[in-house]
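Contents: one structure, followed by commentary.
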2 protein chains.
Amino acid sequence: MPAQTAAREVERLGLPPGSPLVPAEHAGRRVMAKFFRAIGDPTRLLLLEFLLDGERTVSECIEQVGLSQSRVSSHLACLADCGFVTARRDGRFTRYQVTDPRVVHLISLARALTADNAAALAACVRIDT
Amino acid sequence: MPAQTAAREVERLGLPPGSPLVPAEHAGRRVMAKFFRAIGDPTRLLLLEFLLDGERTVSECIEQVGLSQSRVSSHLACLADCGFVTARRDGRFTRYQVTDPRVVHLISLARALTADNAAALAACVRIDT
DNA sequence: ACCATACATCCGGATATGCGGATATAACTA
DNA sequence: TAGTTATATCCGCATATCCGGATGTATGGT
């Protein structure tokens, strides 16, 4: 496997060559890490899937995942803050939904990568659960 | 923003329509969550960037990130287990490197998404740091 | 005004994760 | 063989994250 794998993909994607993919400053990396941790939870992934097909209220989400109201509300706020879903106030309701197609793309890439490496991933003890 | 954002992107990406993006079984979601948490740490993101351009030994990585040998070794093993980098034994050395172009694609998508939402992301208190 | 509904936030407890130091293993070298 | 180097693993401590219950806030209905 050649060393230029990364450079080639950067080229293929039409990205500016030579510029870092991961932020060079510590603060920027902390933000990107936070972004990934937001979808690094099984419950939030389930909610994300549920919010792909259209708007859903918090109550509908609660029924879907079977956790407490406070927890589900917090998970949804987290997904919204981190840009995975959009929140819309509608009277007493808040309707959440995935609106950015790049979120779909991101998850589909992760799906493919995890599928190709499921065994080692499941066995990795440095991250629990 | 229409409700079919997700379906449209699935179509555009040539993915099988109707099949879930996120695994339907809890075990599968746990694995995908683990995958994202692996890159949900600033140090591992820094290492990932460092490993884009070619093979690096553990010692070189230690110098790059400035953390203890045990910690860096553990971070690298985590990235390898989760499929972000490849590890190759070479005598006394272990050489790590990003070899899968999809990793580059994934990070570039995250870069774009976080850039468009940096303020809210930084302000999200449900995930600390 | 009063109450019910829908949601958001606060709190303390349990588990997960990051950290460095100590130790173990494995490969070269003299 | 003995010693050095490179890396991996184990340990306890500190912090982060998930959880449900309690409480706060806003909207709509009577």
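Worth knowing before you read on, the calculation uses all heavy atoms, side chains too, and leaves out hydrogens, waters and symmetry mates.
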Without decimals, in angstroms, what is the distance between [X] [atom1] and [N] [atom2]?
X	N	atom1	atom2	result
B:L67	C:dG18	CG	P	12 Å
A:I127	C:dG18	CD1	C1'	11 Å
B:L47	C:dC19	CG	P	10 Å
A:D81	C:dC7	CG	P	17 Å
B:R30	C:dT17	CZ	C1'	16 Å
B:R92	C:dA26	CZ	C1'	10 Å
A:L46	D:dC18	CG	C1'	15 Å
A:E60	C:dA6	CD	C1'	12 Å

Could you tell me whether a side-chain N or O of [X] sits under 3.5 Å from a main-chain N or O of [Y], the two making a donor and an acceptor?
X	Y	value
A:E49	B:L21	yes
B:T114	B:A110	yes
A:R37	B:G40	yes
A:R29	B:R44	no

Which nucleotide in [options] has an atom nearest any side-chain atom of [X]:
X	options	value
A:T43	D:dC19, C:dG20, C:dA16	D:dC19
A:D41	C:dC7, D:dC18, C:dG18	D:dC18
A:V58	D:dT17, C:dC7, C:dT9	C:dC7

### Query
Within the structure shown, what part of the strands sits under 4.0 Å from B:R44 by heavy-atom distance: base, sugar-phosphate, or nothing?
sugar-phosphate

### Task
For A:L76, answer base if it contacts any base atom (sugar-phosphate contacts may also be present), sugar-phosphate if it contacts only those atoms, and nothing otherwise; contact means non-hydrogen atoms under 4.0 Å.
nothing

[N] phosphate, OP1 or OP2: any side-chain N/O from [X] under 4.0 angstrom?
X	N	result
B:R37	C:dT17	yes
A:R126	D:dT9	yes
A:H75	D:dC19	yes
A:T94	D:dT27	no
A:S59	C:dC7	yes
B:Y96	D:dA8	yes

### Query
Charged N to carboxylate O under 4.0 angstrom, B:R8 versus B:E11?
no

### Query
With a 4.0 Å cut-off, would you call B:D116 and A:R102 a salt bridge?
yes

#### Entry: Along DNA chain D (nearest heavy atom to each residue), the more 5'-positioned of B:A77 and A:V72
B:A77

### Query
Toward the 5' end of DNA chain D, which comes first, B:T57 or A:G66, by nearest nucleotide?
B:T57

### Message
Is it the case that the base of C:dA6 and the side chain of A:Q69 share a donor-acceptor contact (distance under 3.5 Å, atom types as modelled)?
### Response
no

